[in-house]
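Count residues from 1 along the sequence.
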Amino acid sequence: MKNIIISSFVLLFISCTSVKKTYVIPYVIDVSAEKSIYKEVFKSTEKNIVFYIEHLSDSTLKFHLINSNDKEFLETNRKLFINDKFYPIIFDTDYLFYSEMKDGQPIVSHEVKKNIYEKISIPTIQEREKNPELYGYKRKSLIIDHSIYWILDKKGKLLQTNSEIVKK
């Protein structure tokens with residue numbers, strides 16, 4: 001009986017520690033902007049809706065409605081709450097400072113011989129400062145053609161959109 005209780009306790013402990021909690025960072029915007037976005041999301045047939053947020057020079061934010069299958073960015077814990085559902089958010093800075101990962105480390109392209117490269121874990125600052133020309137950083141780019149967008153101020157209020165639903 002004692003062994004059963006101990007075994008049960010150990011099993012319970014292991015199962016509790018192996019549960020991975022996902023913490024969502026919720027983003028909430030003004031109801032007028034949310035309503036406008038919801039109308040577009042509701043009529044969309046796309047399954048992988050993502051919001052790409054672009055920082056504009058006048059301290060406003062431009063929310064682009066896009067469809068993405070990029071797993072690296074879809075696994076974000078930053079989510080935009082629209083009506084009753086969360087949608088992934090990616091920022092323009094995600095593309096500016098992106099780095100590939102391997103074994104939990106950022107990787108870079110290292111020139112082993114002239115025009116011969118291999119991917120390695122990112123070296124120390126000192127090593128990269130000694131030979132900066134030997135390392136390359138993979139970047140991603142996103143081309144957005146004719147997206148539906150909403151421009152919001154810092155309080156989340158809708159300033160402008162190209163959504164046909166709102167324009168009517």
Side-chain angles (χ1 to χ4, degrees), residues 14-110 117-123 125 128 135-168:
I14 290 170
S15 66
C16 288
T17 57
S18 65
V19 173
K20 184 179 178 182
K21 286 188 176 184
T22 53
Y23 178 73
V24 171
I25 301 172
Y27 286 73
V28 179
I29 56 178
D30 183 73
V31 71
S32 64
E34 182 181 354
K35 187 177 177 182
S36 175
I37 291 172
Y38 176 69
K39 288 177 182 178
E40 286 292 340
V41 168
F42 184 75
K43 78 172 194 169
S44 177
T45 59
E46 300 295 336
K47 294 191 187 238
N48 295 321
I49 291 176
V50 177
F51 289 93
Y52 174 78
I53 300 178
E54 179 182 2
H55 295 83
L56 302 179
S57 60
D58 61 354
S59 296
T60 58
L61 301 167
K62 189 173 189 178
F63 286 59
H64 295 270
L65 175 71
I66 63 172
N67 181 41
S68 177
N69 292 318
D70 191 337
K71 280 190 165 193
E72 287 179 279
F73 289 134
L74 289 175
E75 293 174 359
T76 180
N77 62 345
R78 299 172 303 197
K79 309 280 185 176
L80 179 62
F81 186 75
I82 300 296
N83 190 41
D84 60 351
K85 189 173 176 189
F86 285 104
Y87 296 91
I89 294 175
I90 52 178
F91 291 94
D92 51 3
T93 53
D94 292 339
Y95 286 88
L96 293 173
F97 303 109
Y98 166 82
S99 177
E100 280 187 286
M101 295 278 285
K102 182 178 179 184
D103 300 326
Q105 291 289 316
I107 58 174
V108 293
S109 178
H110 178 254
Y117 298 90
E118 67 179 25
K119 291 181 180 181
I120 63 167
S121 293
I122 194 165
I125 293 171
R128 287 180 280 150
Y135 303 102
Y137 303 89
K138 181 178 178 181
R139 298 290 186 234
K140 286 190 174 197
S141 60
L142 180 67
I143 298 171
I144 301 175
D145 287 332
H146 310 295
S147 75
I148 298 171
Y149 67 82
W150 297 265
I151 297 178
L152 309 179
D153 66 13
K154 285 187 174 184
K155 294 182 180 180
K157 294 195 183 295
L158 181 62
L159 301 176
Q160 179 184 346
T161 183
N162 68 346
S163 170
E164 291 298 320
I165 292 174
V166 174
K167 289 182 178 181
K168 290 180 182 179

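Applying the side-chain contact (heavy atoms from CB on, under 4.5 Å) criterion to Leu56, with sequence neighbours excluded, gives Glu54, Asp58, Thr60, Lys62, Ile151. For Phe42, the ring-ring contact (aromatic ring centres under 6.0 Å, His included) test picks out Tyr38, with sequence neighbours left out. Contacts of Ile125 classified as side-chain contact (heavy atoms from CB on, under 4.5 Å), with partners at least two apart in sequence or in another chain: Arg128, Glu129. Applying the side-chain contact (heavy atoms from CB on, under 4.5 Å) criterion to Ser109, with sequence neighbours excluded, gives Tyr117. Applying the side-chain contact (heavy atoms from CB on, under 4.5 Å) criterion to Lys35, with sequence neighbours excluded, gives Lys39.
Atom-to-atom distance recorded for Glu100:CD and Lys119:NZ is 3.5 Å, nearest 0.5 angstrom. Here the straight-line distance linking atom CG of Asp153 with atom CD1 of Ile29 works out to 11.0 Å at 0.5 Å rounding. Note that the CZ atom of Phe51 and the CH2 atom of Trp150 stand 5.5 Å from one another [nearest 0.5 Å]. Atom CZ of Arg78 is separated from atom CD1 of Ile25 by 7.5 Å, given to the nearest 0.5 angstrom. Expressed to the nearest 0.5 Å, how far CD1 of Ile148 lies from CD1 of Ile37 amounts to 10.5 Å. Rounding to the nearest 0.5 angstrom, the gap separating the CD atom in Glu34 from the CG atom in Leu158 is 12.0 Å.
Pairing each heavy atom of Ser59 with each of Lys154, the nearest pair is O-CG, 3.5 Å. Heavy-atom minimum distance, Leu152 versus Phe63: CD1-CE1, 3.3 Å.
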Exercise. Passes side chain to side chain contact (heavy atoms under 4.5 Å, CB included), Ile107 versus Met101? Steps please.
Worked result: CA-CA 6 Å; Ile107 58 174; Met101 295 278 285; over 6 Å; no
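A 4.5 Å side-chain heavy-atom check between Leu65 and Ile49 finds at least one atom pair inside the cut-off. In this structure the side chain of Ile122 never reaches within 4.5 angstrom of the side chain of Ser99, judged on heavy atoms.
Aromatic ring pairs are classed by plane angle as parallel below 30°, tilted from 30° to 60° and perpendicular above 60°; the pair Tyr95 and Tyr52 is perpendicular.
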Taking distance alone, no hydrogens or angles, what donor-acceptor pairs closer than 3.5 Å link side-chain atoms of residues 79-90 to residues at least two apart or in another chain?
from, atom 1, to, atom 2, distance (Å)
Lys79, NZ, Thr76, O, 3.4

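Side chain of Asn162 to main chain of Ser147: a donor-acceptor pair is present (N/O by atom type, distance under 3.5 Å, no hydrogens or angles).
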